[in-house]
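Before any comments, here is the structure.
Atoms considered below: every heavy atom in the structure, side chains included; atoms not considered: hydrogens, waters and symmetry mates. Sequence positions, counted from 1, serve as the residue numbers for this chain. Whatever order the structure lists ligands and atoms in, that order sets their numbers, starting from 1.
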Amino acid sequence: MASLDTPSLSDKVIRNQLLSDVYQWSLSNGLVMYQPNFKLESASTAPITLYPTPIPKVSFENAIAVQRAYNELYSKISQNSNGQWLSGEVAKFAEFDRDFTGKLWNLYLKSLKEGYLQKLRLGVFRSDYLVDKKQNEIKQVEFNTISVSFGGLSTKVGELHNYLNKSGKYAPVKGSAFYSNEIPISKSAFALADGLAIAVRHYDSLQENPIVAFVVQEGERNVFDQRLIEYNLLQAHGIQTVRFTLEQVNTHTRVDSQSKRLYWQTTGQEIAVVLFRSAYSPSDFKTEQSWENRLTLETSYAIKAPDLLTQLAGTKKIQQLLTDEQTLTKFVPEKMQRERILSTFVKMYPLDNSSLGKEGKRLALEDPSRFVLKPQREGGGNNIYKEDIPAALKKLDEKEWSAYILMELIEPEPNQNNVIIRGEKLYREPILSELGIFGCVLFDETKIHYNECAGWLLRSKFNSSNEGGVAAGFGCVDSLILH
Ligand code: ADP
Ligand code: MG
């Protein structure tokens, strides 16, 4: 079947006949990123693969099929009726990670004192999987509840690969399409905008056209990925956006002291939804003011994506706790749905004094080659792999081990035939691909108002590197063909 093959073009052909098409399509269509130390006026082609990567159809379909169940699960964890479980667990592990999880938790406690006038919350999620090579089963790497990225560029890379295919570039001798079928294009750049628009529509604004705020990192290089969603929000829904950093909240916005409604300072426009593309890692909080500003947003009347509890529901520790079937049953009573979710889990262990924790400690020290050790952090570059685990643990006081979880390694099949393009360089190393499925869910304490799958992302990295963050410099954006 032709669609299983990858075009086998030499570096020479790629350089002479394809690269200019790749770069120019990318620059024309916004498949771009800023370079380090960039100037605002010039960007470069994002790190990408030249071809789509084959993914088993059954794995892809299962990942899509389980997304709404995951959206619902994380909404339920976060809803106040079940909030006691989440609060109880977070309160416990916040002790072990005082510098970040602990601070987010304290902020949440403060926000509770002020009270939440806004009951609606928006989840903009991404569930990440690797396809285990043994049975082509999708296994979850992590569930992200804050600052999910690459929804914009994922759509673009699918479009680029389709362009290269249809324009005959993948078969330069014949000039015909190499893949007979359409290469699937993720709708994420539109579907994430749709999710934001739904939240705006549910918000009871005092003004006719309330807007959406993106809270962003200063000097963000992956800004075009975010912009694509903003442009779609304006184009498809007529909704304007503003952008500011966490440090700028107190200077760029204003909160009405009675109603807690949030307004954009310059124009007085009402902000209906706050989307966090920042505030997920300690380095996002530059000063004490940043923490205060996060609280200001939390207690404002704007719908948060996410609120603090939902952010905390996305910690690795909660992911580990959910692998216990009894715990999962609390939130997913329906058996089929629960089994679908359970089938995506690999074994995860706490490193505390529970019986499972003791087993985890033993495995971490005696059999580390099958595991990855994860702290309560997001954004890449924090994990400890295999043989490095025992030494890393021994450096810590055993009490501190509770801040980590131990996770079985998933073993995907490397793909040998793709080519990674980073700047001027071509790489032909075997790659591993991580499939992320986006989801949007709008909920309040008792009800889910909207729950949709919002497209996908394929990120590929060299088999030789343990981590796959694109912005962090380890990976690239890919698209997929199904087989
Ligand atoms: P982060 O919050 O930093 O993104 P992740 O849990 O996604 O943390 O881990 C980062 C990367 O480490 C993943 O993208 C994946 O490449 C690798 N990784 C994480 N967990 C596993 C696992 N269980 N098996 C194999 N690789 C993993
Ligand atoms: Mg990740």
Side-chain angles (χ1 to χ4, degrees), residues 47 53 59 63 70 97 100-101 104 124-134 137-151 154 222 225 276-284 306 311-320 322-323 344-349 360 363-364 367-389 392 403-415 420 429-438 456-478:
T53 291
S59 315
Y70 263 121
D97 179 35
F100 193 59
T101 315
L104 289 174
V124 178
F125 297 151
R126 201 187 67 218
S127 186
D128 290 340
Y129 307 92
L130 291 167
V131 179
D132 190 89
K133 67 182 171 195
K134 278 175 274 187
E137 281 184 86
I138 47 157
K139 294 296 175 190
Q140 189 177 54
V141 174
E142 65 160 341
F143 192 85
N144 300 284
T145 59
I146 183 164
S147 192
V148 302
S149 53
F150 294 107
S154 176
N222 192 25
D225 178 51
F276 287 95
R277 291 293 301 254
S278 172
Y280 58 85
S281 109
S283 59
D284 293 337
Q311 175 174 354
L312 287 163
T315 45
K316 311 272 190 302
K317 183 67 195 172
I318 297 297
Q319 186 191 0
Q320 177 259 309
L322 290 173
T323 59
T344 66
F345 291 162
V346 292
K347 282 230 163 228
M348 295 179 83
Y349 299 86
L363 290 166
D367 192 12
S369 62
R370 295 195 292 124
F371 295 98
V372 47
L373 180 69
K374 300 187 180 183
Q376 309 304 319
R377 286 283 185 280
E378 302 299 322
N382 303 301
N383 296 342
I384 296 152
Y385 293 86
K386 301 182 182 177
E387 279 72 20
D388 294 341
I389 295 174
Y404 292 76
I405 57 101
L406 188 74
M407 182 178 194
E408 220 169 37
L409 281 168
I410 308 158
E411 286 190 57
E413 185 71 46
N415 181 289
I420 289 183
E429 288 180 46
I431 55 169
L432 298 180
S433 300
E434 189 166 322
L435 176 65
I437 309 292
F438 295 100
W456 68 84
L457 159 72
L458 199 71
R459 249 182 336 169
S460 296
K461 60 173 184 178
F462 299 139
N463 191 8
S464 53
S465 89
N466 277 319
E467 297 265 335
V470 178
F474 303 108
C476 67
V477 196
D478 199 343

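- I146 and S278 get closest at one heavy-atom pair: CD1-O, 3.7 Å.
- At least one heavy atom of N383 lies less than 4.0 angstrom from ligand 1.
- Excluding waters, the count of protein N/O/S atoms less than 2.8 Å from the Mg ion (ligand 2) comes to 1.
- Checking each of D388, I389, I405 against L373 for a side-chain contact (heavy atoms from CB on, under 4.5 Å) leaves exactly one that passes, namely I389.
- Residue contacts with ligand 1 for K316 involve side-chain atoms from C-beta outward but no N, CA, C or O (heavy atoms, distance under 4.0 Å).
- In this structure, Y349 and F371 have perpendicular ring planes: the angle between them is above 60°, well past the 30° mark.
- Of the heavy atoms in L130, only side-chain atoms (C-beta onward) come closer than 4.0 Å to ligand 1.
- Counting atoms of ligand 1 from 1 in the listed order, those under 4.0 Å from a heavy atom of R377 are 2 (O).
- Atom numbering of ligand 1 starts at 1 in the shown order; those under 4.0 Å from a heavy atom of M407 are 23 (N).
- Evaluated by nearest non-hydrogen atom to atom 1 (P) of ligand 1, the leading choice among Q140, K139, E142 is E142.
- Checking side-chain atoms of K316 against main-chain N and O of R377 turns up a donor-acceptor pair under 3.5 Å.
- Using a 4.0 angstrom heavy-atom cutoff, Y385 counts as in contact with ligand 1.
- The shortest N/O to N/O separation between R459 and ligand 1 does not fall below 3.5 Å.
- Ion pairing of R459 with D128 is present here, as a side-chain N (NZ or NE/NH1/NH2) and a carboxylate O approach within less than 4.0 Å.
- At a 4.0 Å cut-off, not a single heavy atom of D128 sits close enough to ligand 1 to count as contact.
- The distance from ligand 1 to the heavy atoms of G380 drops below 4.0 Å at these ligand atoms: 1 (P), 3 (O), 4 (O).
- Within the 3.5 Å criterion, the main-chain N or O of V141 finds a donor-acceptor partner in the side chain of Q319.
- Applying the side-chain contact (heavy atoms from CB on, under 4.5 Å) test to S281 and every residue at least two apart in sequence or in another chain returns S283, D284.
- Residues satisfying the side-chain contact (heavy atoms from CB on, under 4.5 Å) criterion with A279, sequence neighbours excluded, are L246, F276, F285, R294.
- T323 places a side-chain N or O within donor-acceptor distance of the main-chain N or O of Q320, the cut-off being under 3.5 Å.
- Remark: side-chain polar atoms of Q376 are paired, donor with acceptor, to backbone N or O of A403 under 3.5 angstrom.
- Of all atoms in ligand 1, numbered sequentially from 1 with element shown, those under 4.0 Å from a heavy atom of V372 are 20 (N), 21 (C), 22 (C), 23 (N).
- Proximity of L432 to ligand 1, defined as any heavy-atom pair under 4.0 Å, is not found for any part of the residue.
- Not one N or O on the side chain of S460 forms a donor-acceptor pair closer than 3.5 Å with the backbone of C476.
- Close approach of ligand 1 to G379 (heavy-atom distance below 4.0 Å) involves ligand atoms 1 (P), 2 (O), 3 (O).
- Residue contact check for ligand 1: E408 places a non-hydrogen atom closer than 4.0 Å to it.
- Contact annotation: for L409 versus ligand 1, heavy atoms closer than 4.0 Å belong to both the backbone and the side chain.
- In this view, S369 and D367, E387 satisfy the side-chain contact (heavy atoms from CB on, under 4.5 Å) rule, not counting sequence neighbours.
- We find the OG1-CG distance between T101 and L312 to be 7.0 Å, quoted to the nearest 0.5 Å.
- Using modelled atom types, no side-chain atom of N144 and backbone atom of V148 make a donor-acceptor pair closer than 3.5 Å.
- Residue N144 has no nitrogen or oxygen atom sitting less than 3.5 Å from a nitrogen or oxygen atom of ligand 1, judged on distance alone.
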